[in-house]
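Values below: all heavy atoms of this structure, side chains included; hydrogens, waters and symmetry mates excluded. Read the numbers this way: they start at 1 and go in the same order the structure lists the ligands and their atoms.
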Amino acid sequence: MDVQDFNFVREMVRSRSAIVLEDEKNYLVESRLQPLARREGFVGIAELVTKLRSNGFSPLHGKVVEAMTTNETSFYRDVQPFEALRKVILPELISKRTATRQLRIWCAASSTGQEPYSLAMLLKEHFAELANWDVKILATDLSTQVLEKARSGCFNQIEINRGLPAPLLLKYFDRQGPTWQIKESIRQMIDFRPLNLIESWPAMSTMDIVLIRNVLIYFDVQTKKTILGKIRKLMRPDGVLFLGGAESTVNLDDAFGRTEVERTSVYRLR
Ligand SMILES: C[S@@+](CC[C@H](N)C(=O)[O-])C[C@H]1O[C@@H](n2cnc3c(N)ncnc32)[C@H](O)[C@@H]1O
């Protein structure tokens, strides 16, 4: 891919999503944009980029940004955060919220939905007492494509095999030909909505639990700081934040303190 075209694309992607594409990501950009260019009726990437340069932000620019997101995810990813939620964090929060009987959970950058669905199944499986509580799980992502898939609740066998225990598959999914669809009772627990973390956020409830896992890793330091600062303002004073295994608030936001729970790091406001 031509260096100038690469630089144009990476600057556009950075300004629209905060995703940083280093010099050596030329091959990645090329491999993601080649099929998109063809699908959109262009001869190749050069022609696609010429079109992008010719006008302001358009749906085509949005498709290019989405093509550059990494949507890697799985059910019960990393296991330990879900163990921490099941054994410690949720029991603690539930006992503190018995007066209001309200819980608000936000799964930011939720990709194709495995993370919020894992959470919803965990609540159904282990916290029957929440049945008559006001519990809301908000799941957001920049990409409309992944949100569409998440809302459908349909997963192929490979996605199912990645982390979903067989008893949960049998209990919470219906077979639909080659795919499995998660039951309506679980789907209705989650509100999937578009949200770009670097744009202004809509009014949201104060959160008891925020999961923003495996997305800050793609951003520069200032963007991480800004996003953590906004999350901090959105969290209840005793709320809990989960980040990805390679992420941390250390040197980014001192208002958060890190503790180990069930061999995973959780972050609380100091
Ligand atoms: C690697 S996935 C993480 C999925 C899930 N949280 C997990 O840990 O398994 C990263 C997600 O972040 C989303 N993303 C990237 N930049 C974003 C932004 N600026 N605002 C919101 N979501 C973004 C991508 O679309 C992608 O679905």
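- Atom 4 (C) of ligand 1 has A109 O, 3.3 Å as its closest protein atom, hydrogens excluded (heavy atom only).
- Close N/O approach between S143 and ligand 1 is not found [any backbone or side-chain N/O within under 3.5 Å].
- Looking at V215, L197, I19 and measuring to atom 12 (O) of ligand 1, the nearest heavy atom belongs to V215.
- A salt bridge is defined here as a Lys NZ or Arg NE, NH1 or NH2 lying under 4.0 Å from an Asp or Glu carboxylate O, and K224 with D253 fails to meet this definition.
- No side-chain heavy atom of T223 sits under 4.5 Å from any side-chain heavy atom of V20.
- Of the polar atoms of S17, at least one N or O is found under 3.5 Å from an N or O of ligand 1, judged by distance alone.
- Contact annotation: for R77 versus ligand 1, heavy atoms closer than 4.0 Å belong to the side chain alone.
- Each of the atoms 20 (N), 21 (C) of ligand 1 lies under 4.0 Å from some heavy atom of L195.
- Checked by distance only, ligand 1 and S74 stay at 3.5 Å or farther apart across all their nitrogen or oxygen atoms.
- Atoms of ligand 1 lying under 4.0 Å from at least one heavy atom of N71, given by number and element, are 24 (C), 25 (O), 26 (C), 27 (O).
- Here T112 has no heavy atoms under 4.0 Å from ligand 1, in either its backbone or its side chain.
- Looking only at side-chain heavy atoms (C-beta outward), Y218 and T69 stay at 4.5 Å or farther from each other.
- Scanning the protein heavy atoms around atom 9 (O) of ligand 1, the nearest turns out to be T73 OG1, 2.6 Å.
- For Y117 and F192, the gap between ring centers is short of 6.0 Å.
- Note on K25 versus E22: salt bridge recorded, some NZ/NE/NH1/NH2 to OD/OE distance being below 4.0 Å.
- Near N214, meaning under 4.0 Å from one of its heavy atoms, ligand 1 places the atoms 1 (C), 2 (S), 3 (C), 7 (C), 8 (O), 10 (C).
- Counting non-hydrogen atoms of neighbouring residues, nucleotides and ligands closer than 6.0 angstrom, the NZ atom of K51 reaches no more than 12 such neighbours.
- Residue R213 approaches ligand 1 through these ligand atoms, each under 4.0 Å from one of its heavy atoms: 3 (C), 5 (C), 6 (N), 7 (C), 8 (O).
- Screening R97, R104, K96 for a salt bridge (Lys or Arg N to Asp or Glu O under 4.0 Å) with D208, the sole residue that qualifies is R97.
- The residue from F75, Y218, F219, Y76 that puts a heavy atom closest to atom 16 (N) of ligand 1 is F219.
- In this structure, atom 2 (S) of ligand 1 lies nearest to the protein heavy atom T70 O, 3.3 Å.
- Taking the six-membered ring where the residue is Trp, the centroids of F75 and F155 are separated by under 6.0 Å.
- For K171, the side chain to side chain donor-acceptor pair (under 3.5 Å) partners at least two apart in sequence or on another chain are E125.
- A salt bridge between D191 and K136 is absent, with no side-chain N of the basic residue lying under 4.0 Å from a carboxylate O of the acidic one.
- Both tests do not hold together for R270 against F256: distance to the six-membered ring centre under 6.0 Å, angle to the ring axis within 45°.
- Among L142, T69, D141, the residue whose heavy atom lies closest to atom 13 (C) of ligand 1 is D141.
- Listed by number with element, the atoms of ligand 1 under 4.0 Å from a non-hydrogen atom of S111 are 4 (C), 27 (O).
- In terms of protein heavy atoms, atom 18 (C) of ligand 1 is closest to N196 OD1, 3.6 Å.
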